[in-house]
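Quick note: residue numbers are just sequence positions, from 1.
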Amino acid sequence: MKWAIVLCAMVALSECIIQVPLIKGKSARESLEEQGLWDEYRGKFPFNPTRFDDQSLSVSSEQMTNDADLAYFGVISIGTPPQSFTVIFDTGSSNLWIPSIYCSSAACANHNKFNPGLSSTFKNAGKSLSIQYGTGSMTGFEGFDTVVVGGIPVKNQIFGLSQSEAPFMAHMKADGILGLAYPRLAASQATPVFDNMMTQHLVNQDMFSVYLTRNSAAGSMVTFGGVDPNHYYGQIAWIPLSSQMYWQITVDSVTVNGQIVACNGGCQAIVDTGTSNIVGPQADISSMASAVGAYSANGDNVVNCNSINNMPAMVFHIHGQAFTLPASTYVRQSTYYGCRTGLQSSNSDLWILGDIFIRQYYSIFSRAQNMVGLALAR
């Protein structure tokens, strides 16, 4: 598989559109289910979207979720000569971090680790970093080096090097996280990778877009500097951001069979590639699950696998337009746990439109216009 596709004019790097293929691998949840450990780990490391609490901005740490269903990751390299890592391109966070050789946690043992001593361009930033994962955490320090994304070098990029990681991370396929949200969200006031790409004039336009395949292991893509018309149908619906920290928008309502079942009167949501499911307040998620015929079992909203073709669609009404999710997009089948909806409740009022939504709607993130663009994915 090619690591990147770079479309450049001959005149300068500033005319580039950078495409990074994403690998759709086995999620941590699938690995744990195969080993019969899922119920044990779910109890120890519950889904806890505490990163969506503004109070986290008052401390020098970045709070993130344990999302066991994440399965999309791409390849970057750091240092001179380059050391390669797989990362989750996460629009719900802003920091870049990877494991380091100074990490002795079990979670680091089965992942690639950065060795700063082997890079002639590495500089220690002299700052510590802490990222919270539910009941666990990643701790480490920050440094500067050249980060290559899609074949294009981003110079003097700050990033985190882990020294300890939560046990849950041992079951994640990706080595680390590359955050793509706004600088305001970044821990330790770190400059996000895409901000440096813009400042260093490495992209043609100040936007990036994400395409996630539905079933195939190949074809998912992050495009920096523009959009790829091969990945969507029809017109792009441009939605203004309601806040410039996450990629946050206003949802007018959620309906099933023409009836409002959630987000009555409007609600706030973020478009987040770093979360696989659709997450919302418990009462609203329960209402949506009930409306599509799901029932609660073992912490999941479960449906009869034979009923998927007859289940109603969920419709998200956003900025005057309807975005429909058929049952085939929001129901997932597990060899071990049957069929479940990708609906997940939290104790936050902020909704998360994760990969279930993004697989259906090609998502464009415009820093130039502070908008999210959505178009029906091919």
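- Between M138 and S130 there is no side-chain heavy-atom pair separated by less than 4.5 Å.
- Checking side-chain atoms of T91 against main-chain N and O of V271 turns up a donor-acceptor pair under 3.5 Å.
- Using a 4.5 Å heavy-atom cutoff, the side chains of E142 and F159 are not in contact.
- Counting only heavy atoms from C-beta outward, the side chains of S93 and I177 approach each other to under 4.5 Å.
- Between W351 and F316, the angle of the ring planes goes over 60°, which puts this pair in the perpendicular group of the 30/60° scheme.
- Remark: side-chain polar atoms of D300 are not paired, donor with acceptor, to backbone N or O of V302 under 3.5 angstrom.
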Steps toward side chain to side chain contact (heavy atoms under 4.5 Å, CB included) verdict (L212, L22): CA-CA 8 Å; L212 301 180; L22 299 180; 3.8 Å; yes

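- Between P312 and V256, the shortest heavy-atom contact is CG-CG1, 3.7 Å.
- Scanning all heavy atoms of the two residues, the minimum distance from P192 to S94 falls at CB-O, 3.5 Å.
- Of the possible donor and acceptor atoms, none in the side chain of Q268 sits under 3.5 Å from a partner among the backbone N and O of V251.
- If you chain together hydrophobic residues whose side chains sit under 4.5 Å apart, Y211 and V372 never meet in one group.
- Exactly one of D145, T146, T80 qualifies for a side-chain hydrogen bond (donor to acceptor under 3.5 Å, both in side chains) with S119. That residue is D145.
- Looking at every heavy atom in both residues, V210 comes nearest to Y362 through O-CD1, 3.3 Å.
- Closest heavy-atom contact between A327 and I308: CB-O, 3.5 Å.
- A side-chain donor-acceptor contact under 3.5 Å links D272 to the backbone of G274.
- In this structure the side chain of I270 never reaches within 4.5 angstrom of the side chain of W247, judged on heavy atoms.
- More than 12 heavy-atom neighbours from other residues, nucleotides or ligands sit within 6.0 angstrom of CG on N304.
- Using modelled atom types and a 3.5 Å distance limit, the side chains of T223 and Q19 yield a donor-acceptor pair.
- Side-chain contact between L376 and Y361: present, with at least one pair of heavy atoms (C-beta onward) separated by less than 4.5 Å.
- When hydrophobic clusters are built by joining Ile, Leu, Val, Met, Phe, Trp and Tyr residues whose side-chain heavy atoms come closer than 4.5 Å, directly or via intermediates, L353 is not grouped with I364.
- Scanning both residues, I78 and F114, for their nearest heavy atoms gives O-CE1, 3.5 Å.
- The OG atom of S328 sits 8.0 Å away from atom CZ of R214, with the distance rounded to the nearest 0.5 Å.
- Checking side-chain atoms of T255 against main-chain N and O of S253 turns up no donor-acceptor pair under 3.5 Å.
- With rounding to the nearest 0.5 angstrom, the CG atom of N110 is 11.5 Å from the CE atom of M172.
- Residue F365 is grouped with residue F323 when hydrophobic side chains (ILVMFWY) are merged at heavy-atom distances under 4.5 angstrom, including chains of intermediate members.
- For the side chain to side chain contact (heavy atoms under 4.5 Å, CB included) test with F208, the passing option among V203, I17, V227, L180 is L180; the others fail.
- Between the side chain of S209 and the backbone N or O of G226, at least one donor-acceptor pair lies under 3.5 Å.
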Side chain to side chain contact (heavy atoms under 4.5 Å, CB included) between S345 and S286, worked out: CA-CA 8 Å; S345 62; S286 296; over 6 Å; no

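- Counting heavy atoms of neighbouring residues, nucleotides and ligands inside a 6.0 Å radius, atom CD of Q369 does not exceed 12 of them.
- In this structure, R378 is not positioned above the aromatic face of Y232 in the sense of NZ or CZ being under 6.0 Å from the six-membered ring centre and within 45° of the axis.
- Using a 4.5 Å heavy-atom threshold, the side chains of I152 and V149 count as separate.
- If you check the side chains of Y330 and R340, you find no donor sitting under 3.5 Å from an acceptor.
- A pairwise comparison of heavy atoms in F194 and Q205 identifies CZ-O, 4.4 Å as the closest pair.
- Under the 4.5 Å side-chain heavy-atom criterion for Ile, Leu, Val, Met, Phe, Trp and Tyr, I158 and M197 are members of distinct hydrophobic clusters.
- Under the 4.5 Å side-chain contact rule for hydrophobic residues, V315 and I285 do not share a cluster.
- Seen from the ring of Y182, R367 counts as a face-on cation partner, given the 6.0 Å and 45° thresholds.
- For the atom pair L178 CG and L96 CG, the distance stands at 5.0 Å (nearest 0.5 Å).
- You'll find the side chain of F224 stays beyond 4.5 Å of the side chain of L202, heavy atoms only.
- With hydrogens and angles disregarded, no donor-acceptor distance shorter than 3.5 Å links the side chain of N277 to the backbone of V279.
- Atom OG of S162 sits about 9.5 Å away from atom CG of L129, to the nearest 0.5 Å.
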Step-by-step side chain to side chain contact (heavy atoms under 4.5 Å, CB included) determination, H111 to D175: CA-CA 6 Å; H111 288 99; D175 299 315; 3.3 Å; yes

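- No donor-acceptor pair under 3.5 Å is formed between the side chain of S287 and the backbone N or O of A283.
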Side chain to side chain contact (heavy atoms under 4.5 Å, CB included) evaluation trace for V154 with V148: CA-CA 6 Å; V154 183; V148 178; over 6 Å; no

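- Side-chain contact annotation: T139 with S164, donor-acceptor N/O pair under 3.5 Å present.
- No side-chain donor-acceptor contact under 3.5 Å links Q235 to the backbone of A375.
- Side-chain atoms of I358 and T273, non-hydrogen and from C-beta on, do get closer than 4.5 Å to each other.
- Atom CG of N196 is separated from atom NE2 of H201 by 11.5 Å, given to the nearest 0.5 angstrom.
- The line from CD1 of I318 to CG of D252 is 8.0 Å long, rounded to the nearest 0.5 Å.
- Counting only distance, with no hydrogens or angles, the side chain of H231 and the backbone of A377 share no donor-acceptor pair below 3.5 Å.
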